[in-house]
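Computed from a predicted model, the values in this text were never measured in an experiment.
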Amino acid sequence: MSGRVLIINTGGTLSMKPTADGYIPSSGFLADQMSQMSELEQAPMPEFEILEHDPLIDSSDVTPDVWMRIANEIRTNMNRFDGFVVLHGTDTMAYTASALAFAMQGLPKPVILTGAQLPLGQIRNDARENLKTAMVMAANSPIAEIGLYFGDHLYRGCRSTKVSATSFDAFGSPNFPPLATVGTSISYHQNYHKIDNADSLVVHPIQHSDVLAFRLFPGLGMDTFRHILRKPMKGIVIETYGDGNGPSRNPDFLSAIRESVDNGMVIMGCTQCLHGGMTQAGYAAGTALTKAGVIPGWDMTIEACVTKMLYLFSQGISNDEVKTRLGENLVGELTIPTGS
């Protein structure tokens, strides 16, 4: 045995049972299935304990309360284990990975989220390999941060996004290289710069807040848009076109943004594109958003943008500081282009 790992089971497909109504979370099913996996008793598998949430949930039901429960469970057990595996449904796993990266700064040990497209109990499944490899990584990885392991790659949590509803390679990290690649061996890639201002583990709160993500589309009605921008909304992430463009020839659109920003709303932009980022500087349609007060999200995923905004609104800081820190690289979630 190599090390000790705590497996935190929040629910999700990996530990679900099939029923007539589809897969459902089932208490005790994970422990039962793992007890039948004889390979878990062989090297290099670590010793493990299971901490199972009650109730287990589909990841569609995840809230900031779940993020904080996971963070506090890891903090409480930090000295007892060499690493942690968080089992989670795939639909919102990238949101949870991003949220934990902001909430848990100064991590001294690896925390790896994983899940599956098919549960452990199925004849064909991706659950078995994802679980075993995540456990080995959690016990031995030299990379102490929030990671997401899926389909033979370990990704930085706050750079990951779900890219397929059906493929076993369900996740990607479009704008940042994998932390590790798995084949006949595990190859860790440490030629990256991790941003983390904490010297030891600090758990920061992330609370519910009036934050919304909104996707631009041709034909957007201005009455609808102005309604979205009304209070009590505190912040909005706008998914823009391309590298940060919006309808710059629509004065009603830009004036609605300016008025909302002047009234204290925080508005951030991120690109709708999977690869690349937004600068709001390449086209007049982008600079118009900057002049209206939209903060560029650079190459952040939508998951990172939303959870970062929730995190900052939960820290008790002013709106001006929220705006400043949204544009900064806090935990390795973004890359600001040179010269910007």
Side-chain angles (χ1 to χ4, degrees), residues 64 95 98-99 102 158 161 175 206-330 333-337 339-340:
Y95 284 96
S98 294
F102 293 117
C158 57
T161 190
N175 296 315
I206 299 183
Q207 301 163 344
H208 296 262
S209 189
D210 291 313
V211 167
L212 176 71
F214 180 82
R215 189 179 181 95
L216 289 183
F217 59 91
L220 170 65
M222 284 302 100
D223 288 343
T224 299
F225 189 60
R226 286 187 178 275
H227 183 78
I228 289 171
L229 294 176
R230 290 177 182 171
K231 291 185 176 181
M233 199 62 61
K234 295 176 63 177
I236 292 181
V237 178
I238 298 179
E239 294 186 71
T240 66
Y241 308 127
D243 69 351
N245 302 319
S248 61
R249 300 182 69 176
N250 185 334
D252 288 342
F253 173 77
L254 295 173
S255 65
I257 291 177
R258 288 194 200 97
E259 290 170 12
S260 297
V261 172
D262 289 343
N263 288 330
M265 183 173 293
V266 177
I267 302 180
M268 185 180 200
C270 75
T271 180
Q272 296 180 11
C273 302
L274 185 61
H275 293 273
M278 61 171 294
T279 63
Q280 297 175 192
Y283 298 85
T287 57
L289 290 181
T290 302
K291 292 176 181 177
V294 177
I295 303 161
W298 309 113
D299 61 350
M300 278 192 288
T301 63
I302 181 63
E303 294 92 342
C305 286
V306 170
T307 55
K308 186 176 185 177
M309 188 175 284
L310 287 170
Y311 159 71
L312 290 173
F313 276 132
S314 301
Q315 304 314 303
I317 58 179
S318 68
N319 270 19
D320 286 341
E321 189 170 355
V322 169
K323 293 177 183 178
T324 297
R325 296 184 69 187
L326 278 173
E328 295 175 347
N329 189 14
L330 303 182
E333 74 279 9
L334 63 82
T335 305
I336 300 175
S340 296

Which atom names give the shortest non-hydrogen contact between C305 and M300, and what distance separates them? SG-CB, 3.7 Å
Going through the checks in order, is the side-chain contact (heavy atoms from CB on, under 4.5 Å) test met by T224 and I228? CA-CA 6 Å; T224 299; I228 289 171; 4.2 Å; yes
Rounded to the nearest 0.5 Å, what's the gap from CG on D320 to CZ on R325? Could you check? 13.5 Å
Shortest non-hydrogen separation from Y311 to F102 and the atoms involved: CE1-O, 3.5 Å
Which heavy atom in A304 sits nearest to a heavy atom in C158, and how many Å separate them? CB-O, 3.6 Å
What's the spacing between N263 CG and R258 CZ if we round to 0.5 Å? 13.5 Å
Measuring from atom CD of E333 to atom CG of D299, what distance do you get when rounded to the nearest 0.5 angstrom? 9.5 Å
Give, for atom CE of M222 and atom CG of D252, the distance between the pair rounded to the nearest 0.5 Å. 7.0 Å
What are the two closest heavy atoms between G327 and W298, and how far apart are they? O-NE1, 3.6 Å
K308 versus L334, closest heavy-atom pair with distance: NZ-CD2, 3.5 Å
Would you say that more than 12 heavy atoms from the other residues, nucleotides or ligands in this model lie under 6.0 Å from the CG of D223, or not? no
CD1-CG distance between I206 and L310, expressed to the nearest 0.5 angstrom: 7.0 Å
Check L229 against M265 and note the closest heavy-atom contact, atom names and distance. O-CE, 2.9 Å
Taking distance alone, no hydrogens or angles, what donor-acceptor pairs closer than 3.5 Å link side-chain atoms of residues 208-219 to residues at least two apart or in another chain?
unit_1 : atom_1 : unit_2 : atom_2 : d
R215   : NH1    : E239   : OE1    : 3.3
R215   : NH2    : Q272   : OE1    : 3.4

